[in-house]
Number of protein chains: 2
Amino acid sequence: MTSSNRKKQPDFTLAGCGYSRVLDIISNKWTGLVIYALENGQIRYGEISRKVDGISKKMLTETLRKLERDGIVKRHITPVVPPIVDYSLTALGETLLEPMKELRQWGRTNYSEVEEARANYDRTLPERG
Amino acid sequence: MTSSNRKKQPDFTLAGCGYSRVLDIISNKWTGLVIYALENGQIRYGEISRKVDGISKKMLTETLRKLERDGIVKRHITPVVPPIVDYSLTALGETLLEPMKELRQWGRTNYSEVEEARANYDRTLPERG
DNA sequence: CTGCATCCAGCTAGATACTG
DNA sequence: CAGTATCTAGCTGGATGCAG
């Protein structure tokens, strides 16, 4: 029971909603960031680790494994000592990158507005009730 | 300390990545589904509850509050007894809906391929190490 | 360098019961 | 109808140490 334990299916697979499927793939804390780290092509484990600042080895490995299992990421090992391991997006992964880029762009464009909304909401909170 | 408790910032706000901002908004279990429930315009609390099957009242309310605070969702109360409360997307929410729709579409289009990849990965797992 | 195992604090969300 | 409150099991991810 090490890495072979099969993650239980999350139960938010609402009928017919592709979004839940996508969430199942990209919603955890680091996955999106890791995918972005791969957007410019093949990159080494250590490089990703540096690019996705703050991620632990545990989470990086887990995230990469999951994405590999999902067919989003390819893993290539050069069997030297010490080993060289490169990761890159698969063709499927590339297609996923597109809508994710738009989401990122939305964040860049609209985050200040969200922040304003939050500040405003917090200011006027007492009026609710 | 009811709804006024300020959620602590998640620490995955990696510099300059709009995606982390978006995740901060939509990555939790139900948020995306709730937003989709609003995609056809004004809808009542109970309607959302039925549309997003499986969501508890607690999570629905929390999700709605958060989205309201983020400026994504508008809340409209008709003060009758029993009360009528409608929710709808704000203009900002509508702009967010677009990239989310593409993500959903990606899921619809590619989920079978992901499933295949998973099955295949699980079959060939022993070869790793 | 790349990656796995273990331990654990904290958050998430489900169940349940109560209110205006 | 539309919430609010509480209690808690279980998952998530961080820290640390070991290994090929």
Side-chain angles (χ1 to χ4, degrees), chain A residues 1-12 14 20 23-24 26-34 37 42-68 73 75-87 125 128-129, chain B residues 1-14 20 23-24 26-34 37 42-66 68 73 75-87 125 128-129:
Chain A
M1 52 294 304
T2 59
S3 63
S4 66
N5 62 343
R6 162 165 306 102
K7 283 279 179 63
K8 89 173 211 340
Q9 275 302 96
D11 40 66
F12 54 101
L14 303 198
S20 298
L23 265 197
D24 186 24
I26 67 166
S27 76
N28 85 73
K29 186 170 174 176
W30 300 105
T31 307
L33 271 0
V34 168
Q42 186 166 302
I43 180 175
R44 293 186 61 174
Y45 181 91
E47 295 288 334
I48 305 175
S49 187
R50 253 158 280 136
K51 205 160 179 175
V52 183
D53 195 59
I55 194 171
S56 64
K57 283 185 296 180
K58 177 192 169 193
M59 287 317 297
L60 180 50
T61 300
E62 273 182 22
T63 302
L64 250 10
R65 282 295 167 281
K66 183 169 187 304
L67 287 172
E68 193 190 354
V73 156
R75 183 165 178 266
H76 177 257
I77 315 170
T78 306
V80 293
V81 183
I84 294 175
V85 184
D86 294 286
Y87 292 90
L125 239 197
R128 292 192 72 260
Chain B
M1 56 291 293
T2 58
S3 62
S4 67
N5 61 344
R6 163 166 304 102
K7 285 278 178 62
K8 88 173 214 335
Q9 273 303 94
D11 39 68
F12 54 101
T13 311
L14 303 196
S20 298
L23 266 196
D24 186 24
I26 66 167
S27 76
N28 86 72
K29 185 170 176 178
W30 299 105
T31 306
L33 271 0
V34 169
Q42 188 166 298
I43 181 175
R44 293 185 59 173
Y45 182 92
E47 295 288 334
I48 305 175
S49 186
R50 254 158 278 135
K51 205 160 181 177
V52 183
D53 194 61
I55 194 171
S56 65
K57 283 185 294 181
K58 178 194 168 193
M59 288 317 297
L60 180 50
T61 300
E62 275 182 19
T63 302
L64 250 10
R65 285 292 169 281
K66 184 170 187 301
E68 194 191 353
V73 157
R75 183 166 178 264
H76 178 256
I77 315 170
T78 306
V80 293
V81 183
I84 296 175
V85 184
D86 295 288
Y87 291 89
L125 240 197
R128 295 194 71 262

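Throughout, a chain's letter reflects where its sequence line sits, starting with A, and its residues are numbered from 1. Any value given below was found using the heavy atoms of this structure, including those in side chains, with hydrogens, waters and symmetry copies removed.
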Please state how far atom [atom1] in [X] lies from atom [atom2] in [N], giving the value in whole angstrom units.
X: A/Leu60; N: D/dA15; atom1: CG; atom2: P; answer: 14 Å
X: B/Lys58; N: C/dT12; atom1: NZ; atom2: P; answer: 10 Å
X: A/Glu68; N: C/dG3; atom1: CD; atom2: P; answer: 9 Å
X: A/Asp24; N: D/dC11; atom1: CG; atom2: C1'; answer: 14 Å
X: A/Ile55; N: D/dT12; atom1: CD1; atom2: P; answer: 15 Å
X: A/Glu62; N: D/dT12; atom1: CD; atom2: C1'; answer: 9 Å
X: B/Trp30; N: C/dA13; atom1: CH2; atom2: P; answer: 9 Å
X: B/Lys29; N: D/dG10; atom1: NZ; atom2: P; answer: 14 Å

N/O (side chain, [X]) to phosphate O (OP1/OP2, [N]) under 4.0 Å:
X: B/Lys57; N: C/dT16; result: no
X: B/Arg50; N: D/dA2; result: no
X: A/Tyr87; N: C/dG3; result: yes
X: A/Arg44; N: C/dT2; result: yes
X: A/Arg65; N: C/dC4; result: yes

[X] has a side chain; which of [options] sits nearest to it?
X: A/Pro82; options: C/dA13, D/dC1, C/dC1; result: C/dC1
X: B/Pro83; options: C/dA13, D/dC1, C/dC7; result: D/dC1
X: A/Met59; options: D/dG13, D/dT4, C/dG14; result: D/dG13
X: A/Arg75; options: D/dA2, C/dG3, D/dG14; result: C/dG3

| Would you call B/Arg65 and B/Glu62 a salt bridge, using N to O less than 4.0 angstrom? | no
| query | Got A/Tyr87 and A/Val34 here, is their nearest side-chain heavy-atom distance under 4.5 Å? | reply | no
| query | Could you state the interatomic distance from NZ (B/Lys66) to CD1 (B/Ile26), rounded to the nearest 0.5 Å? | reply | 10.0 Å
| task | Find the distance between CD (A/Gln42) and NE2 (A/His76) and round it off to the nearest 0.5 Å. | result | 7.0 Å
| When B/Ile48 is tested against each of B/Ile43, B/Ile55, B/Leu33 for side chain to side chain contact (heavy atoms under 4.5 Å, CB included), which residue passes? | B/Ile43
